[in-house]
Amino acid sequence: MLNVPSPAFPAPGSQQRAASGGRSKVPLKQGRSLMDWIRLTKSGKDLTGLKGRLIEVTEEELIKHNKKDDCWVCIRGLVYNVSPYMEYHPGGEDELMRAAGSDGTDLFDQVHRWVNYESMLKECLVGRMAVKPVVLAKENHEKKPLNGILLKSKVPDLPVKEISPSYDWFQTESLVTIVIYTKQKDMDSESVIVDYQDGCFRAEIVVNDYSYLLHTELSHEIQEDITARVTEKTGKVEIILKKKNNVSWKYLGHPLESHNSFTAHREKGAEIVKPYTPVLESLHSDLREPLHPHNKYIYVIIKIYHTGLFTPHFDCLQIGDYVSLSNPEGNFKKSQLQDLEELFLLAAGTGFTPMVKILNYALANITNLRKVKLMFFNKTEEDILWRNQLEQLADKERRFEVEFILSEPTCEWIGKQGRISLPLLSKFVKRSLENSRVLICICGPAPFTEQGIRLLKDLNFSQEEVHSFTA
Ligand code: NAD
């Protein structure tokens, strides 16, 4: 074994040393060095006693954990169980006990502000301090609020606890589902913004003028296609993450800044990105490529969700205002339409938009094409985009057929009703000849698309015969 002399830490003259202000160090027992601590944290041992679950800690709860063998400390709003670390603490157990069951942020900053405690104590993380309404702090001037647990900005007049969303998570072998209870009726999917980059997961849910944030470094890698579902009536939001490796997660992740917080949203300068599929000016446009070489227009259909976060701003744009456009994204290739004999388009709501160019292109360019059928699912008659144009096209073009299905029809509606289902699809999506070359395109709200893909599989269509558009 090599005998390597341990380097002095902090290095002589380093900032850490200069800032230490002569704090006393106590001799540590054998096997209690920093390396031993790192080894212990990587051993997979449950250091919090919570089996990986993160909890919200109230002030009353924090105070209870004030003994050496049960010692919780709050630093900048995050609560750690430091009992396992006691014997490894270079400043000694007594020093650490000064913060037992309380907010140790000030003490920590006085003694060793430079220490990367988030990383050092990450396996000891118990959770976050429960958000406290500012009104309480204002009423009680004597009482100093705990560091990091007050909301950063204006809070609602109601006690935050009553309206603040909460979350939970569970897992199967391949999926992790985060459930957020917004306590808000009539939520829509526009109020959910999800982002995943470099292992960091961020979900923002907009509830009236407030924003609930989940921000965490996930404990394991996930795939990029994240699905969010909103149950409008109850305000329950489910975010479904697909695991990269089918291993069991002990905990969701390590909280990052503002994780599990509920603050006034619409900070100035916030950038929101949303994909839209360009359409044509109308279904009767002549689509023989190339388009006019110096074409300067892009047409998009934008549905305004009045309680949404993003589209109401679009609604207020004036001529002369700017929006930034990214490069095009997507994975549909025109070659998928080559040699096609039958094309089926299953669209729900604004999921109709990718169908516009496909429909036009196929009718104008694919010589073998015998049939194009569009099944268009909407809530109400008013929601049917381009209904007149679609009906006119069906009258004019014998290869094209359209069917409207409403999920929330009035009693006057004599057409089909319901949501995507096996009986509907088995009648509609049928090869006219046994070996017809078919393509089925599907686009709409994520649950619609997912269900459609499953049903088409049950109807024995192959993966190559189905193309789904996901936002
Ligand atoms: P919507 O809420 O008005 O619903 C339209 C229809 O979708 C309903 O009538 C119903 O038949 C079906 N539907 C809705 N929820 C369902 C569920 N849980 N299970 C089964 N069927 C369901 O739709 P909208 O507000 O117009 O939303 C359209 C969606 O399409 C948006 O999520 C949008 O992001 C997506 N979209 C995607 C793309 C793309 O990927 N390129 C393009 C446009 C739109």
Side-chain angles (χ1 to χ4, degrees), residues 1 4 6-11 16 20 23 25-57 62 65-105 107-109 111-129 148 169 171 176 198-201 215-222 243-245 247-257 259-260:
M1 203 165 113
V4 185
S6 57
F9 179 83
Q16 286 94 321
S20 66
R23 74 197 161 94
K25 279 199 168 198
V26 298
L28 296 173
K29 284 189 209 156
Q30 187 93 31
R32 295 290 183 271
S33 68
L34 177 61
M35 283 314 295
D36 293 315
W37 171 248
I38 292 170
R39 223 167 279 135
L40 177 65
T41 59
K42 294 199 174 329
S43 67
K45 200 172 164 197
D46 175 16
L47 296 182
T48 58
L50 294 171
K51 300 197 175 73
R53 272 183 76 82
L54 293 176
I55 58 170
E56 274 209 348
V57 183
L62 178 67
H65 300 268
N66 59 0
K67 297 164 210 74
K68 258 186 195 165
D69 59 351
D70 177 21
C71 179
W72 290 7
V73 172
C74 169
I75 305 175
R76 294 198 177 82
L78 298 179
V79 179
Y80 299 91
N81 177 356
V82 295
S83 293
Y85 182 62
M86 285 280 172
E87 294 190 339
Y88 298 81
H89 185 226
E93 296 181 9
D94 293 343
E95 188 69 15
L96 207 49
M97 282 304 292
R98 284 172 63 196
S102 68
D103 185 4
T105 311
L107 199 59
F108 176 85
D109 284 348
V111 184
H112 32 211
R113 151 182 220 105
W114 64 87
V115 170
N116 183 356
Y117 68 95
E118 288 105 325
S119 151
M120 189 106 120
L121 294 177
K122 67 180 180 188
E123 296 303 326
C124 299
L125 186 68
V126 167
R128 193 182 172 82
M129 284 303 296
W169 69 282
Q171 59 184 316
V176 167
D198 302 329
C200 296
F201 170 81
H215 193 199
T216 179
E217 187 182 343
L218 294 176
S219 63
H220 292 76
E221 279 186 277
I222 56 165
K243 293 181 181 176
K244 221 171 201 171
N245 304 307
V247 293
S248 170
W249 291 20
K250 285 193 183 151
Y251 56 96
L252 185 64
H254 295 298
L256 298 169
E257 200 192 342
H259 173 67
N260 199 14

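The side-chain heavy atoms of M86 and L96, taken from C-beta on, include a pair separated by under 4.5 Å. Side-chain contact between V126 and L50: present, with at least one pair of heavy atoms (C-beta onward) separated by less than 4.5 Å.
A side-chain donor-acceptor contact under 3.5 Å links S83 to the backbone of K68. The closest donor-acceptor contact from the side chain of H259 to the backbone of H215 lies under 3.5 Å. Between the side chain of T216 and the backbone N or O of L256 there is no donor-acceptor pair closer than 3.5 Å. Distance alone, capped at 3.5 Å, is enough to place a donor-acceptor pair between the K250 side chain and the G44 backbone.
To the nearest 0.5 Å, atoms CG (D36) and OG1 (T41) are separated by 11.0 Å. Considering CZ of R53 and CH2 of W169, their distance stands at 8.0 Å, rounded to 0.5 Å. Here the straight-line distance linking atom OH of Y251 with atom CG of L54 works out to 9.0 Å at 0.5 Å rounding. Taken to the nearest 0.5 Å, the CG atom of N66 stands 6.5 Å off from the CE atom of M97. One finds the OG1 atom of T48 at 12.0 Å from the CG atom of L121 (value rounded to the nearest 0.5 Å). The structure places CZ of R128 at 6.0 Å from CG of L78, a figure rounded to the nearest 0.5 Å.
Heavy-atom minimum distance, V79 versus L125: O-CD1, 3.4 Å. Considering every non-hydrogen atom in both H65 and D70, the closest pair reads ND1-OD1, 2.7 Å. The two residues M129 and C74 come nearest to each other via the heavy atoms CG-SG, 3.7 Å. When all heavy atoms are compared, the tightest approach of L47 to E123 is CB-O, 3.5 Å.
Residues forming a side-chain contact (heavy atoms from CB on, under 4.5 Å) with H220 (at least two apart in sequence, or on another chain): V247, W249. Legend: residues meeting side-chain contact (heavy atoms from CB on, under 4.5 Å) with K51, ordered by chain and number and at least two apart, are D46. With sequence neighbours excluded, the residues satisfying ring pair (Phe, Tyr, Trp, His ring centres under 6.0 Å) with Y85 are W37, H89.
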